[in-house]
Asker: 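I'd like to ask some things about the structure below.
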Amino acid sequence: MHRLRNRLIAAFFAATIVPLFATIWITTSLLERSLDYATTEELDRLSRSLEETVREFYRRDRLALREAVEAGDVAPTFHDAAAPENWPTAVEEFWNGTETDRFQLSGAGGDRLDYLRREENGVSVYSRALGGIRMEEVSADFREARALVDSVRSRDLQRGFTLTLILLVAGVWCVSLGSLIYLAHRISRPIQELTAGLTALASGNLESRLQAQRDDEVGRAVEAFNRMAGQLEQSRERLVYLAQIASWQSLARKTAHELKNSLTPIRLTVEEILAREAGGDREFMEQASQIVVNEVETLERRVRAFTEFSREPEVSPEVLDVNALVEERASFLKPVHPETRYDFQLDQAGPRALADPDCVNWILTNLIQNAAEAAGNKGTVLLTTGSENGNVIVEVHDSGPGLSEAASRSLFEPTITFKKNGMGLGLSIARKDALLSGGDIMTVPGVLGGAAFRVVLPAAGH
């Protein structure tokens, strides 16, 4: 049931898994090479080299200062032991110690080198400038550089960057996978429903319908399926009805043939009796003859109706002005029902139908005649025309008592009639003609409180 969705997900895996691993491998390789060029090792080497250089410079300055003191080239600053209250802190600490001499830095940031030497009655201090180098600041910079190098070494940058990259790429890929699963479900679900609907339709369930909730290709496919199912259902109903009509036509032809064989000698015999007027009670003979003639005429009417019902007319479609046909049929029937009111709601666009004119005239005559009889004196018949879904629509409404549920179910079946003198063939013939013309006849809710029929005919140009 979910093979399409699973295939979409598998296609996503196949299309992305190789590029995903290739991206991670290339990125980590570039990251590793980039980290190999990092300045940590160089900074460590340079800081150690500079430290050794400064140490050597400091050692040489100490040696030069000592040699200058020994040669008497540097005048000392003497701090008398008799006045220790004026001594600097460094001199006091040296005097209180056990060393005989000491080198130390002084000045702003350690830019001078002092040589302290113990004398019998005090301390002599010899000083030498370091050439603008501030040894204390340089020492502080050394300490910060070493701390930075140690901090960088304590962290595994390559592993951290690689792990971050993998988590980031995996997160993006998982979000993409989730989006794909959602989209795959959205795409596959209506297709699954459409497949199930087609399966139901193929099994004979022509009432199967789907709900179109999308305005895209899938939604239009669902709408096309619903239209197809509706057309198949209508076609099946029409075929069933035409098959029923065909069976009744066969019976009608057989009945008409048998009745004709019996009626012809009966009529000839009765006419011969009336012509000779020989013997017997004339009044009785005339009455009996008249009864026989009336019955024969009734049988002839039935024979004509069955003959018309069984006839297979040749359908010759023409372009018809439906508004003109409706007005013509109504005018033709007005003298028969002079007390009936006819109202018209005709489409001003002038719909044109492609149908056989004789069939359409028969259909309209039958429906308007039935509507006028149902409406009765002072009743109303409403005739409307219009267009819908590529078809021409004609509706006939009456203000009569309407149709019962039982009547609606069997209304178009042959020999079923709900009129006192009807034979039940009018609506059957009318629907047969409509079907042969590519249309149909059906009942619709009436707007005048009575019955209402809709005639559907193919529009010209469709």
Asker: CZ of Phe453 to CZ of Arg431: how many Å apart, nearest 0.5 Å?
Answerer: 11.5 Å
Asker: Can you name the nearest heavy-atom pair linking Pro401 to Ala374, along with the distance?
Answerer: CD-O, 3.7 Å
Asker: To the nearest 0.5 Å, what is the distance between CG (Leu325) and CG (Leu457)?
Answerer: 9.5 Å
Asker: With Glu339, which residues qualify under side chain to side chain contact (heavy atoms under 4.5 Å, CB included), at least two apart?
Answerer: Asn377, Lys378
Asker: Between the main-chain N or O of Ala375 and the side-chain N or O of Asp398, is there a donor-acceptor pair closer than 3.5 Å?
Answerer: no
Asker: In this structure, are over 12 heavy atoms from other groups packed under 6.0 Å from Phe332 atom CZ?
Answerer: no
Asker: Anything under 3.5 Å between a donor and an acceptor, one on a side chain of residues 381-388, the other on a protein residue two or more places apart or in another chain? List them.
Answerer:
from   : atom 1 : to     : atom 2 : distance (Å)
Thr385 : OG1    : Asn323 : OD1    : 2.7
Thr385 : OG1    : Asp347 : N      : 2.8

Asker: Nearest 0.5 Å please: distance from the OG atom of Ser428 over to the CG atom of Asp433.
Answerer: 11.0 Å
Asker: To the nearest 0.5 angstrom, please state how far the CG atom of Leu367 sits from the CD atom of Glu395.
Answerer: 11.5 Å
Asker: Report the residues that fulfil salt bridge (charged side-chain N to carboxylate O under 4.0 Å, His left out) with Asp343, sequence neighbours left out, ordered by chain and then residue number.
Answerer: Arg341
Asker: State, with a plain yes or no, whether a side-chain heavy atom of Trp362 is found less than 4.5 Å away from one of Lys432.
Answerer: no
Asker: Would you give the length of the straight line joining atom CD of Glu328 to atom CG of Leu333, rounded to the nearest 0.5 angstrom?
Answerer: 10.5 Å
Asker: Can you list everything that forms a salt bridge (charged side-chain N to carboxylate O under 4.0 Å, His left out) with Arg329? Sequence neighbours excluded, please.
Answerer: none
Asker: How close do His397 and Leu448 get, counting heavy atoms only, and between which atoms?
Answerer: O-CD1, 3.9 Å
Asker: Considering non-hydrogen atoms only, spot the tightest contact between Gly439 and Pro458 and give its length.
Answerer: N-CD, 4.1 Å
Asker: Which pairs with one or both residues in residues 170-183 pass salt bridge (Lys or Arg N to Asp or Glu O under 4.0 Å), sequence neighbours excluded?
Answerer: none
Asker: If you compare all heavy atoms of Ser399 against all heavy atoms of Gly379, which two are closest, and at what distance to 0.1 Å?
Answerer: OG-CA, 3.6 Å
Asker: Show me the pairs that pass salt bridge (Lys or Arg N to Asp or Glu O under 4.0 Å) and involve residues 350-362, at least two apart or across chains.
Answerer: Asp321-Arg352
Asker: So, taking the atom named CG in Leu320 and the one named CG in Asn361, what distance separates them when rounded to the nearest 0.5 Å?
Answerer: 8.0 Å
Asker: In a check of side chain to side chain contact (heavy atoms under 4.5 Å, CB included) between Val455 and each of Ile363, Ile393, Val322, Val360, which one passes?
Answerer: Ile363
